[in-house]
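Working notes for the structure below.
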Amino acid sequence: MTIAPDKNKLYPNENIRTVCYIKNLPSRPNVEIGDYTYYSDNTNSPENFYDHIQHHYEFLGDKLIIGKFCAIAEGVTFIMNGANHRMDGFTTYPFNIFAGGWEKVTPTKEELPFKGDTLIGNDVWLGQNVTIMPGVQIGDGAIVASNSTVVKNVEPYTIVGGNPANVIKKRFSDEMITLLLELQWWNWDEKKIFENLEQLVSVNDMATLKKLLNEE
């Protein structure tokens with residue numbers, strides 16, 4: 001009996017070639033993707049996912065880290081720290097990149113704004129055409145509405161939307177969120193996930209959650 005798709009296949013369902021497991025694409029420096037996290041693209045090949053990570057230069061050292069079981073919709077863009085301009089002078093214009101003598105004001109790495117790594121948790125849903133700005137951290141179980149621009153951190157199990165993205169609502173009570181973060185179902189083995197699929201996708205009551213925790 002099959003209890004899970006093959007997490008090591010690029011296209012886990014050969015009949016749906018618009019969705020791929022990102023981890024099985026050729027690896028890129030400073031990009032880490034968790035198991036079962038997918039990218040969906042109905043316009044272009046989902047194998048072009050890395051084209052959506054922009055201004056990501058290895059010498060800067062910033063990382064994009066995405067957890068397990070994330071759903072990433074078409075057009076999602078990650079803006080990395082290489083997009084930043086120096087902002088401590090009268091102008092932000094990047095004279096140095098055009099040479100012709102202007103390279104004399106090439107900034108050092110330390111002079112450029114650096115927001116750190118971009119971290120996407122587990123079981124996160126990023127809607128179509130979402131933009132994630134440098135250094136943003138999005139917590140487990142969060143949802144980002146389509147066409148949003150995320151400029152600040154998003155708490156776990158929170159729905160945000162807009163430009164800039166603001167909190168729409170929490171998905172569950174604070175107590176339930178605490179227990180879900182303790183449960184960490186995304187770290188279960190395939191057998192346990194299969195045995196609890198119905199509870200994971202269609203139940204959201206406290207009694208079931210506590211029962212699942214007691215079975216840990």
Side-chain angles (χ1 to χ4, degrees), residues 22-23 25-34 37 39 41 44 46 48-68 70-170 181:
I22 305 169
K23 185 177 181 180
L25 291 169
S27 61
R28 291 285 182 93
N30 296 328
V31 178
E32 301 175 16
I33 310 291
T37 285
Y39 177 60
D41 197 322
N44 301 296
N48 295 329
F49 170 77
Y50 286 112
D51 293 344
H52 297 269
I53 307 173
Q54 299 183 359
H55 307 285
H56 195 203
Y57 307 125
E58 193 171 352
F59 75 92
L60 286 176
D62 55 335
K63 294 181 179 181
L64 171 61
I65 301 174
I66 303 176
K68 301 176 182 178
C70 291
I72 302 178
E74 178 177 343
V76 169
T77 301
F78 300 91
I79 306 294
M80 304 301 287
N81 284 280
N84 285 324
H85 293 197
R86 189 173 179 178
M87 296 188 294
D88 55 345
F90 290 131
T91 178
T92 61
Y93 190 83
F95 289 93
N96 60 289
I97 69 172
F98 299 102
W102 288 356
E103 63 272 18
K104 72 176 184 176
V105 290
T106 299
T108 65
K109 180 179 174 181
E110 291 70 30
E111 289 172 331
L112 291 169
F114 188 81
K115 304 293 186 180
D117 297 335
T118 299
L119 306 176
I120 312 298
N122 305 281
D123 191 22
V124 172
W125 179 14
L126 302 179
Q128 194 163 319
N129 299 317
V130 163
T131 299
I132 308 294
M133 298 302 286
V136 164
Q137 299 183 24
I138 298 180
D140 298 326
I143 299 173
V144 181
S146 296
N147 299 305
S148 299
T149 299
V150 185
V151 301
K152 59 185 178 181
N153 295 347
V154 178
E155 294 295 316
Y157 291 96
T158 300
I159 302 173
V160 301
N163 184 6
N166 289 303
V167 174
I168 296 174
K169 67 175 184 177
K170 291 184 177 181
L181 294 174

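Quick caveat, the model's predicted, so the values are computed rather than measured.
Taking CD1 of Ile66 as the start and CD1 of Ile120 as the end, the distance is 6.0 Å to the nearest 0.5 Å. Once rounded to the nearest 0.5 Å, the distance linking CE of Met80 with CG of Asn84 reads 10.5 Å. Expressed to the nearest 0.5 Å, how far CZ of Arg28 lies from CD1 of Ile33 amounts to 11.0 Å. In this structure, CD1 on Ile79 lies 12.0 Å from NE2 on His56, to the nearest 0.5 angstrom. Between Leu25 atom CG and Tyr50 atom OH the span is 5.5 Å, to the nearest 0.5 Å. Distance NZ/Lys63 to CG/Asp117: 6.5 Å, rounded to 0.5 Å.
Listed by chain and residue number, nothing satisfies the side-chain hydrogen bond (donor to acceptor under 3.5 Å, both in side chains) test with Asp51 (two or more places apart in sequence, or in another chain). Applying the side-chain hydrogen bond (donor to acceptor under 3.5 Å, both in side chains) rule to Gln137 yields no partners; only residues at least two apart in sequence or on another chain are considered. In this structure Glu110 satisfies the side-chain contact (heavy atoms from CB on, under 4.5 Å) test together with Thr108, sequence neighbours excluded. Not counting sequence neighbours, Lys115 has no partner by the side-chain hydrogen bond (donor to acceptor under 3.5 Å, both in side chains) test. Under the rule for a side-chain hydrogen bond (donor to acceptor under 3.5 Å, both in side chains), the partners of Tyr39 that lie at least two apart in sequence or sit in another chain are Asp41, His52.
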Can you give each donor-acceptor pair under 3.5 Å made by side-chain atoms of residues 155-162, sequence neighbours left out, with the distance rounded to 0.1 Å?
unit_1 : atom_1 : unit_2 : atom_2 : d
Thr158 : OG1    : Glu155 : O      : 3.2
Thr158 : OG1    : Pro156 : O      : 3.2

Under 3.5 Å, which donor-acceptor pairs do the side chains of residues 123-130 form with other protein atoms, sequence neighbours left out?
none

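A donor-acceptor pair is defined here as one N or O able to donate and one able to accept, closer than 3.5 Å; such a pair exists between the side chain of Asn166 and the backbone of Pro164. Without hydrogens or angle criteria, Asn81 side chain to Asp62 main chain gives no donor-acceptor distance under 3.5 Å. Of the possible polar contacts, one joining the Asn122 side chain to the Lys68 backbone as a donor-acceptor pair under 3.5 Å is found. Proximity of a side-chain donor or acceptor of Ser148 to a complementary backbone N or O of Asn163 within less than 3.5 Å is not detected.
Pairs passing the ring pair (Phe, Tyr, Trp, His ring centres under 6.0 Å) check and including a residue from residues 96-117, sequence neighbours excluded, read Tyr93-Phe98, Phe95-Trp102. Annotation: salt bridge (charged side-chain N to carboxylate O under 4.0 Å, His left out) contacts involving residues 78-99, sequence neighbours excluded, comprise Arg86-Asp88, Arg86-Glu111. Judged as a salt bridge (charged side-chain N to carboxylate O under 4.0 Å, His left out), not a single pair has a partner in residues 140-154 (not counting sequence neighbours). Legend: ring pair (Phe, Tyr, Trp, His ring centres under 6.0 Å) pairs involving residues 136-155, not counting sequence neighbours: none detected. Every pair tested for salt bridge (charged side-chain N to carboxylate O under 4.0 Å, His left out) that includes a residue from residues 90-106 fails, sequence neighbours excluded, so the list is empty.
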Please test Thr37 against Ile22 for side-chain contact (heavy atoms from CB on, under 4.5 Å), starting from the C-alpha separation and ending with a verdict.
CA-CA 6 Å; Thr37 285; Ile22 305 169; 3.9 Å; yes
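The shortest heavy-atom contact between Ala73 and Val76 is O-CG2, 3.1 Å.
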